[in-house]
Structure formats: structure tokens, C-alpha cells
Amino acid sequence: MALWLLGTSGAVPDSQRDYVALVVEHAGRLILIEAGGSPLHRLSRMGLDPGRLEGVFLSHRHPDHLSALPVLLMGLWLQKRAHPLWIAGPEDTVERAQALLELFEWRSWSGMFPVNWRPIPLEHGAVVEESGGIRLTAAPVSHSVPTLALRIELPDGVAVYSADTAPCPEIIRLAREADVLIHEATGSYPGHTPPEGAGWVAREAGVRRLILVHVPPEIDPGEWKARAREAFRGPVEVGWDGMRVM
């Protein structure tokens, strides 16, 4: 069982960070969270077989979170995948993802594997996946478009991914008593969170550990951690691409 950070940047990647993404690995299964950048390359670089991918969760419709979906599906198709893949997210995100794929006429790809679409309601505790020791539940958070944060419950622990959001009661509730909170720390922009805001959420939720992601280009990790520690006294880290969280 493992939870990895595939990418940790905000909407502008740099030489050290690719678009934010995570992957859950448990009992031979992989679930991808977000689909920016090049998911197949990042999975393969970490020694994770993309053929084991069973689902994709998209937190919202912005390009840095879903624009790589066509090349992900194309790559799996070229690798002769036959078993289904589910894709979940807010309803408008699922619709945007479908429209993006239609530009590439994906339904005409010969021998294309089945894709099961899962529109997730914008309500606290909405179930995304629950099987084989993995439980994923979502909650709406405060961003410029409909966005879902994700609670990841595995046999050895609980992690919460904030997605893009301003500090809000919904993320505090979703993250309550989690082992680790993976929270965006873009800065003081509408619909986003500065490091001290992520620290405040971590403190209010009573989490054990805070990891900052979705960070701007070339940040000073020491500064970001110090600002988060203004509110949160537990362990604080700035995530990096390839980091194992659990």
C-alpha cells in the first residue's frame, strides 16, 4: 500500500515540479488523482505499471488538472488495454473531459477499452470508490469552479487531498483527524490558499502531518514551511515529485 505524489506544482510547472497529481497503490491496484502533465511517463518513471490503473479522479475542470486525459487514454489503448477504466469528478468536470476526448474522436479508436464515467455530487461524503480496502470520499471546497477535495482511506492510514481551494469549513470537516493533509499552498489568490492558511486548516482539522503542494515556481521551501508553522505545530513538509506520502 502506498500513496505517491506524482507532481506538486501549481498551474505553472518548473524544472523541478510537474502539475499536481497523486497515485494510490494498493493490492496491485492504482488510482490516479488528477490528469495533468504526462501521467504515463510519470507512472513509468516511478516503476508503476500503467496497466494496473483502474480509475482516475479529477477534482475540477481546469486544464492543469485534466488536460492530459486524451493522451493517457490513447497510451493505454496503444498498450492494448482491454479492461474498463472509471473516470470520476464533479458533473461539469466529467462533461468537460468527455468534450475534450470527443475532439480526438476517441470512440472511433479500434478496440477501445470501456470507460465508465462517474459524476460525483457536490456533497460532503460523496462516495467515489469503495472496494478492496480502498475508500475514497469527496466534499466540495471553495474554488472558482465546482471542485471536490478527496479523503483517501486505506488499511494503514488516512490522507486528505484538498485540491484547489481557499481555506473553508468543508476541507476542515473532510480532513478531521487524518494522518496526513496534502493541501494546496498556491498563495494569496482568490480560490487558493497561502501556506499559513494551509497550516490553519491542518490545525483546525487536528491532522497529524501537513504536506504542501500546488506551489508556485521556484519557491523557497523553508519560507513556505515557516509560514505554515505559524498556525500548525505538527510536522510540515513541502511535497516533491516522487515523494511517498504513506
Side-chain angles (χ1 to χ4, degrees), residues 2-13 17-26 29-46 48-79 81 83-107 109 112-120 128-129 134 136 138 141 143-150 152 159 161-165 182 184 186 213-215 239 241-243 245:
L3 177 62
W4 306 87
L5 299 181
L6 293 184
T8 54
S9 85
V12 181
R17 302 177 187 277
D18 202 350
Y19 293 118
V20 69
L22 302 85
V23 64
V24 179
E25 180 184 22
H26 179 61
R29 307 158 63 196
L30 298 178
I31 296 174
L32 179 66
I33 302 167
E34 310 289 30
S38 178
L40 287 176
H41 171 71
R42 291 192 279 177
L43 289 169
S44 298
R45 186 175 59 190
M46 294 181 64
L48 300 173
D49 177 10
R52 295 195 284 130
L53 192 64
E54 71 169 42
V56 181
F57 174 79
L58 306 170
S59 68
H60 65 290
R61 68 179 190 238
H62 282 156
D64 52 317
H65 294 259
L66 66 71
S67 61
L69 196 60
V71 291
L72 172 63
L73 267 62
M74 182 183 72
L76 295 174
W77 168 66
L78 290 171
Q79 292 175 345
R81 182 188 180 101
H83 54 288
L85 180 78
W86 58 259
I87 301 175
E91 183 174 5
D92 78 319
T93 300
V94 167
E95 291 173 352
R96 198 66 57 98
Q98 291 171 328
L100 181 61
L101 285 165
E102 291 299 337
L103 292 174
F104 300 97
E105 301 178 334
W106 70 291
R107 298 179 192 277
W109 300 349
M112 180 60 185
F113 56 88
V115 174
N116 299 325
W117 298 97
R118 296 185 181 177
I120 305 300
V128 176
E129 172 69 6
I134 296 175
L136 306 179
V141 287
H143 193 42
S144 56
V145 298
T147 302
L148 288 169
L150 193 66
I152 304 157
Y161 165 58
S162 73
D164 290 12
T165 183
I182 303 161
E184 75 119 287
T186 306
V213 297
H214 205 277
V215 295
D241 294 20
M243 179 181 184
V245 175

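None of these values were measured; they are calculated from a predicted model. As a basis for the values below, the full set of heavy atoms in this structure was taken, side chains included, without hydrogen atoms, waters or symmetry mates.
Contact check for Phe104 versus Leu73: no side-chain heavy atoms found under the 4.5 Å cut-off. Taking the side chain as every heavy atom from C-beta outward, Val245 and Leu5 approach each other to under 4.5 Å. The shortest distance between side-chain heavy atoms of Trp86 and Ile31 falls below 4.5 Å. Leu66 places none of its side-chain heavy atoms less than 4.5 Å from the side chain of Val56. In this structure, the side chains of Leu136 and Ile152 come closer than 4.5 Å at one or more pairs of heavy atoms. Proximity of Leu3 to Ile182: side-chain heavy atoms (C-beta onward) are separated by under 4.5 Å at one or more points. The shortest side-chain heavy-atom distance between Trp4 and Leu30 does not fall under the 4.5 Å cut-off.
To the nearest 0.5 Å, the span separating CZ on Phe57 from CD1 on Ile33 amounts to 7.5 Å. Between Met112 atom CE and Leu76 atom CG the span is 8.0 Å, to the nearest 0.5 Å.
Scanning all heavy atoms of the two residues, the minimum distance from Gln79 to Pro50 falls at OE1-CB, 4.3 Å. Considering every non-hydrogen atom in both Thr165 and Glu184, the closest pair reads N-OE2, 3.0 Å. Looking at every heavy atom in both residues, Pro13 comes nearest to Arg17 through CB-O, 3.1 Å. Closest approach of Pro146 to Thr93, counting heavy atoms only: O-OG1, 4.4 Å. For the pair Trp117 and Leu69, the tightest heavy-atom approach, listed with the atom from each and the gap, is CH2-CD2, 4.4 Å. Smallest separation of non-hydrogen atoms from Gly89 and Leu148: C-CD1, 4.3 Å.
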inquiry  = Working note: His65 + Val20, criterion side-chain contact (heavy atoms from CB on, under 4.5 Å); need CA distance, chi angles, decisive distance, verdict.
reply    = CA-CA 7 Å; His65 294 259; Val20 69; 3.6 Å; yes
key: Intermediate values then yes/no, side-chain contact (heavy atoms from CB on, under 4.5 Å), Thr186 and Asp164   = CA-CA 9 Å; Thr186 306; Asp164 290 12; 5.7 Å; no
Audit row: Leu32, Leu72, side-chain contact (heavy atoms from CB on, under 4.5 Å) steps and yes/no = CA-CA 11 Å; Leu32 179 66; Leu72 172 63; 3.9 Å; yes
inquiry  = As a quick check of understanding, evaluate side-chain contact (heavy atoms from CB on, under 4.5 Å) for Thr147 and Val145, giving each step before the final call.
reply    = CA-CA 6 Å; Thr147 302; Val145 298; 4.0 Å; yes
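Within the structure, salt bridge (charged side-chain N to carboxylate O under 4.0 Å, His left out) contacts touching residues 93-106 (residues at least two apart or in different chains) are Glu102-Arg107. Here salt bridge (charged side-chain N to carboxylate O under 4.0 Å, His left out) pairs that include residues 54-68, with residues two or more places apart or in two chains, are Arg29-Glu54, Arg61-Asp92.
Under the ring-ring contact (aromatic ring centres under 6.0 Å, His included) criterion, Trp109 pairs with Trp77, not counting sequence neighbours. Evaluation of the side-chain hydrogen bond (donor to acceptor under 3.5 Å, both in side chains) rule for His143 yields His62 as partners, not counting sequence neighbours. In this structure Ser59 satisfies the side-chain hydrogen bond (donor to acceptor under 3.5 Å, both in side chains) test together with Glu34, sequence neighbours excluded.
Checking side-chain atoms of Asp18 against main-chain N and O of Ser9 turns up no donor-acceptor pair under 3.5 Å. A donor-acceptor contact shorter than 3.5 Å links the side chain of Arg81 to the backbone of His83.
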Indicate every side-chain donor-acceptor pair of residues 37-44 with a distance under 3.5 Å to a residue at least two apart or in another chain.
| unit_1 | atom_1 | unit_2 | atom_2 | d |
| --- | --- | --- | --- | --- |
| Arg42 | NH1 | Leu6 | O | 3.3 |
| Arg42 | NH1 | Tyr19 | O | 2.6 |
| Arg42 | NH2 | Gly36 | O | 2.7 |
| Ser44 | OG | Leu40 | O | 2.9 |

